[in-house]
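Please read the structure below before turning to the comments.
Below, read A as the first sequence line, B as the second, and so on, with proteins coming before strands; counting in each chain starts at 1. Because the structure is a prediction, the values reported are computed rather than measured. Atom set for the values below is all heavy atoms of this structure, side chains included, hydrogens, waters and symmetry mates excluded.
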Protein chains: 2
Amino acid sequence: MSKMHKEYALTKNQQIIFDLIDKSPEPMKAYSILFNVQKKGIKAPLQVYRALDKLVEIGKIHKIESRNAFIACHNSSCQVAKATAFSICEICEKVTEISSAGLSKYLANFKDKDGMKYSKYNLEFFGLCKKCTLK
Amino acid sequence: MSKMHKEYALTKNQQIIFDLIDKSPEPMKAYSILFNVQKKGIKAPLQVYRALDKLVEIGKIHKIESRNAFIACHNSSCQVAKATAFSICEICEKVTEISSAGLSKYLANFKDKDGMKYSKYNLEFFGLCKKCTLK
DNA sequence: AACACTGTGTAATAATATAACGTTAATATA
DNA sequence: TATATTAACGTTATATTATTACACAGTGTT
Ligand SMILES: [Zn+2]
Ligand SMILES: [Zn+2]
Ligand SMILES: [Zn+2]
Ligand SMILES: [Zn+2]
């Protein structure tokens, strides 16, 4: 089967946890996920972390490193799952995945002083979202 | 006193912890720092975290979010401390702060779909360092 | 069958980070 | 000087995030 995340067959636990994250309007933390799926039989942190690891690996979700939280990928162009960019509101904590061809091209082609290129990256922008700017 | 980190006067605890991180060839984790400064009278996690928070705030160190670790800033142009970029070797875990005028200019001027600009960002590139590439 | 691979369930524990409290030192300003 | 304010400190306890270890089940391959 292809590894492109739109078609990867999830296991039961993976599907339960993905559905929860996918429905959530905001990034979810692991133990909040655990609390929410206990009624579905997922009882232990490890069950959650294992599913999260896999979902990250196949690009269905991303980890917001500065928040230790997870969001579903809604960027059909980021199937590689290893080149991600987000904007984070420092007031309301709203997180949005950025899908900018220009940005991803710039970063994918970026070379450091030694001429090294890096195919994987994670970029987190911080500021105020539209709503919070107006307040 | 200026807030520019090259001249900010550190307290005793801050200085002890900064010196340790500054000497380290690799990013240091909080509890590793704690272990290393216990002989100097810093006994509790909170003492470490308070110093780390302050040192990050004034730009003397940066947190590598994907590793929960801290490195000293060696980039004289990043006095703002809120616009950081690093390369991380996935094999040997070597971390290097990237100081590229082009990159920081590009990111500082980046606008999302709504035209929002973000003054703060953190970018982590992943790949293999020169040494590890040759192996 | 034997093997490799992936996922599961469970318990225990490790690693990272903060809350709450009272005290002390440095700084500002009246 | 006095006194108000702020920042840092020390300590204990606790919260939050993540992994180790072990036994087992399903699936596909040889
Ligand atoms: Zn994505
Ligand atoms: Zn907001
Ligand atoms: Zn720096
Ligand atoms: Zn390396």
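At a threshold of 4.5 Å between non-hydrogen side-chain atoms, the residues Asn36(B) and Met28(B) count as touching. Considering only heavy atoms from C-beta on, Gln15(B) comes within 4.5 Å of Asp19(B) through its side chain. Side chains of Glu97(B) and Cys73(B) form a contact here, defined as non-hydrogen atoms less than 4.5 Å apart.
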Glu90(A) and Lys120(B): salt bridge (Lys or Arg N to Asp or Glu O under 4.0 Å), yes or no, with the steps? CA-CA 10 Å; Glu90(A) 289 184 297; Lys120(B) 306 181 191 177; 3.3 Å; yes
Does the pair Ile21(B) and Leu52(B) meet the rule for a side-chain contact (heavy atoms from CB on, under 4.5 Å), with working shown? CA-CA 10 Å; Ile21(B) 297 170; Leu52(B) 290 173; 3.7 Å; yes
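A nucleotide of DNA chain C counts as in contact with chain B when one of its atoms lies under 4.0 Å from a heavy atom; the first and last such, 5' to 3', are dT16(C) to dA20(C).
Relative orientation of the Tyr121(B) and Phe125(A) rings is perpendicular, given thresholds of 30° and 60° on the angle between their planes.
Separating the CD atom of Glu65(B) from the C1' atom of dA18(D) is a distance of 16 Å, rounded to the nearest angstrom. Distance, Leu55(B) CG to dA8(D) C1': 13 Å, rounded to whole Å. In this structure, CZ of Arg67(A) is placed 17 Å from P of dT16(D), rounded to the nearest angstrom. Note: CG (Asn13(A)) to C1' (dA25(D)) measures 14 Å, nearest angstrom.
Donor-acceptor pairing under 3.5 Å is recorded for the side chains of Lys113(B) and Ser99(A).
By the 4.5 Å side-chain criterion applied to Ile, Leu, Val, Met, Phe, Trp and Tyr, Phe86(B) is assigned to a cluster that also includes Ile64(B), Ile71(B), Ile88(B), Val95(B), Phe126(B).
Listed in residue order, the members of residues 16-49 of chain A having a heavy atom less than 4.0 Å from DNA chain C are Lys43(A), Ala44(A), Leu46(A), Gln47(A).
Phosphate proximity of dA8(D) to Lys54(B): present, with a side-chain N or O under 4.0 Å from OP1 or OP2.
Base pairing annotation: dA30(C) forms a Watson-Crick or G-U wobble pair with dT1(D), both donor-acceptor distances under 3.5 Å.
Of the two residues near DNA chain D, Thr11(B) and Phe70(A), the one whose nearest nucleotide lies more 5' is Thr11(B). For the pair Asn68(B) and Arg50(B), both in contact range of DNA chain C, the more 5′-proximal nearest nucleotide belongs to Asn68(B).
In this structure, the separation between OG on Ser100(B) and NZ on Lys105(B) is 11.0 Å, given to the nearest 0.5 Å.
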